[in-house]
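Lettering follows sequence order; numbering is per chain, from 1.
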2 protein chains.
Amino acid sequence: MAASGTRDRIVEAADHLFYEQGFEHTSFADVAKVVGISRGNFYYHFETKDQILDAVIKKRLQEKQVMLETWAEEGETPDQRIAGYIRLLLMNREQICSNGCPLGSLFTELCKMNHPGEGGARGLFDVFRVWLKRQFEEMGRAADADDLALHLLAWSQGVATLANAYPDEAFLEKEVARMLAWLDDVKPSAEG
Amino acid sequence: MAASGTRDRIVEAADHLFYEQGFEHTSFADVAKVVGISRGNFYYHFETKDQILDAVIKKRLQEKQVMLETWAEEGETPDQRIAGYIRLLLMNREQICSNGCPLGSLFTELCKMNHPGEGGARGLFDVFRVWLKRQFEEMGRAADADDLALHLLAWSQGVATLANAYPDEAFLEKEVARMLAWLDDVKPSAEG
DNA sequence: GCATAAATAGGACGACCGTCCTAGACACAG
DNA sequence: CTGTGTCTAGGACGGTCGTCCTATTTATGC
């Protein structure tokens, strides 16, 4: 399994570099330097650059899904779980301030390239969208659960982008507080 | 001034292509094809690709500034002007659904490239930020005008990105309605 | 009409990229 | 030790890119 170890290291290095430098702006040489292997060796593990992107997206999909399902099983109330999602913005503040939203920036780039991986990047949004929708449903807002989920998704996406443009932690904290207040407003007063 | 005519056509074509395909993904050959001139002719008007980017950013800065100042002089109330900004999302719905936010997507790309033009792209945000701040001040919210401006900027930014990921006009319209309701909430009841 | 400058065309260049190929290193079964 | 399959290194190839160079065309002043 030493080979698969190298494969995983390639995917992990590519994951970080795609986030920090973008997909197109990251070359095989960049990844090779980080992993510490030769450029030509990629083609034993991947046939094209797009396959690395696919593997990176697949990895992100799985990681996020596992993270959200773990939250959902930890027995908290739906609004506490949504609050956990909102606080992700604070937990990842350094990365967000310097590189923006991992979901949004990748999607935006692939979209402009007309790259087939665009669908996979949209799938990353979907993971959060359906998870948030489920939480709002369980919170008692079944009627507009998807609407609320999209709203929160867009909101956090915009906050991440602006925090990147103005690397100001105070702004991030203010917006997180605003989101939590909004969540409290949205929560039915007599929760079931 | 025939030369400057060509120059302007280059800048305008580059402006569109940078928005639709991204800066890095747009080559000289792409722009040349649109403008209808030869590839080598660029270097009579620009010395580097970065200079074209600078010209594009400068043009966008000027256009936005003129647009906003025109609004500010049209004698409406501040909240009507802010509502006009919000409704930009609807006016440009086709472009936003297919290419996202012109400000955010350019900034995100330049940021990942560590490109010196990043500052100019941030300047585009600044134009809207200070204009919105002024409107909120005139609306009677001087204390938190900048806070409100950043909030609305982030919100609209996120909505544009999500509308790009889910090209759904209904979502755009719902969020615009939500923003207008928020604006009404923010407006002091006894406006001066 | 001629000299001068502005403007354009088109190819050459070096660099980088993704991709591919081949030879060698390594692990392990017999 | 030997043979076999896995894994790696490093260079070659073709394409594209930004950049540059040099002719040629077009416009302008005298």
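With hydrogens and angles disregarded, no donor-acceptor distance shorter than 3.5 Å links the side chain of A:N41 to the backbone of A:S38.
Of the listed nucleotides (C:dT8, C:dG18, D:dT8), D:dT8 has the atom at the smallest distance from the side chain of A:S38. Closest approach to the A:T48 side chain among D:dT6, C:dT8, C:dT19 is made by C:dT19 (side chain taken as heavy atoms from C-beta onward). Comparing D:dT19, D:dA9, C:dT19 by their closest approach to the side chain of A:I37 singles out D:dA9. Ranking D:dG18, C:dT19, D:dC7 by closeness to the B:K49 side chain, first place goes to D:dG18. Here C:dT19 is the nucleotide among D:dG18, D:dT8, C:dT19 with the atom lying nearest to any side-chain atom of A:R39. Among the nucleotides D:dT8, C:dT19, D:dC20, the one closest to the side chain of A:N41 is D:dT8.
For D:dC20, the OP1/OP2 oxygens have no side-chain nitrogen or oxygen of B:Y43 closer than 4.0 Å. B:H25 has no side-chain polar atom (N or O) that falls below the 4.0 Å cut-off from OP1 or OP2 of D:dC17. One finds no side-chain N or O of B:T6 lying less than 4.0 angstrom from the OP1 or OP2 phosphate oxygen of C:dA7.
Both tests hold for B:K49 against B:F23: distance to the six-membered ring centre under 6.0 Å, angle to the ring axis within 45°.
Between A:C101 atom SG and A:F125 atom CZ the span is 5.5 Å, to the nearest 0.5 Å.
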